[in-house]
Amino acid sequence: AQLCERVGNPALYAERALLPGYSRVFAGTSSRWHGAVASLLPMAAAEDAACRGTVVWLSEEELAKLDRFEGIDEGSDPFSTDPDVNVYARVPVTLLVWPKEGVEAAA
C-alpha cells in the first residue's frame, strides 16, 4: 500500500523473486520513522547466498517518484555512489522471478 501511494499507482503487483549472491540486512536508522533501514549487500564469499522477496515493476516515472522518498534529488544520477550526491544508489542486478529466470532489474 505504501509503495502504491508513493508512486501514485494503485494497480502495482508483486511477483516472487530471488536475488542470488545478496543478503538483506538492516543497518542504520531512519530519522523519518526511527527504525532500521533495509539494504542489500553482495555476498560473493557465500555461494548459496540469496535474498528471497518480491519484485514490483515500476516505470521510469514511478522510479523517479520513489527516488525522492529514498533521498535522491531530482536530476541526480540514481546510480551514483557518491555519498555527497545520493543517500543510496540503484545497482543493476539479475534476479530470478517465478516462473521466469534471469530478469534484469535495479535494486
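No hydrogens, no waters, no symmetry mates; every other heavy atom, side chains included, goes into these values. Keep in mind that this is a model prediction, so the values were computed, not measured.
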Check your understanding: If we only count heavy atoms from C-beta on, is the Leu18 to Cys51 side-chain gap below 4.5 Å?
Key ->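 Not touching, per the 4.5 Å side-chain cut-off.
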Review point. Would a 4.5 Å heavy-atom cut-off, applied to side chains only, mark Ser23 and Leu40 as touching?
Key: no
Point to revise | Worked check of side chain to side chain contact (heavy atoms under 4.5 Å, CB included) between Asn9 and Cys4 | key: CA-CA 5 Å; Asn9 182 351; Cys4 292; 5.9 Å; no
Check your understanding: Using links of under 4.5 Å between side-chain heavy atoms of ILVMFWY residues, direct or through other members, which residues join Leu12 in one cluster?
Key -> Leu3, Val7, Val56, Leu58, Leu63, Leu66
Practice item. Would you give the length of the straight line joining atom CZ of Arg52 to atom CG of Leu96, rounded to the nearest 0.5 angstrom? Key: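 Between Arg52 CZ and Leu96 CG, I get 10.0 Å after rounding to 0.5 Å.
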Review point. What residues, two or more places apart in sequence or in another chain, satisfy side chain to side chain contact (heavy atoms under 4.5 Å, CB included) together with Ser59?
Key: Glu61, Glu62
For residues 70-81, which side-chain donor-acceptor pairs fall under 3.5 Å, sequence neighbours excluded?
| from | atom 1 | to | atom 2 | distance (Å) |
| --- | --- | --- | --- | --- |
| Ser76 | OG | Asp73 | O | 3.4 |
| Asp77 | OD1 | Phe79 | N | 2.9 |
| Ser80 | OG | Asp82 | N | 3.2 |

Exercise for review: Please list, chain by chain and in numerical order, all residues satisfying side chain to side chain donor-acceptor pair (under 3.5 Å) with Asp67, sequence neighbours excluded.
Suggested key: Tyr88, Arg90
Check your understanding: With hydrophobic residues grouped by side-chain heavy-atom distances under 4.5 Å, do Leu95 and Tyr13 end up in a single group?
Key ->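 Yes, Leu95 and Tyr13 fall within the same hydrophobic cluster.
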**Study point:** Linked, directly or transitively: Trp57 and Val93 (ILVMFWY side chains, under 4.5 Å)
**Key:**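 Yes, same cluster.
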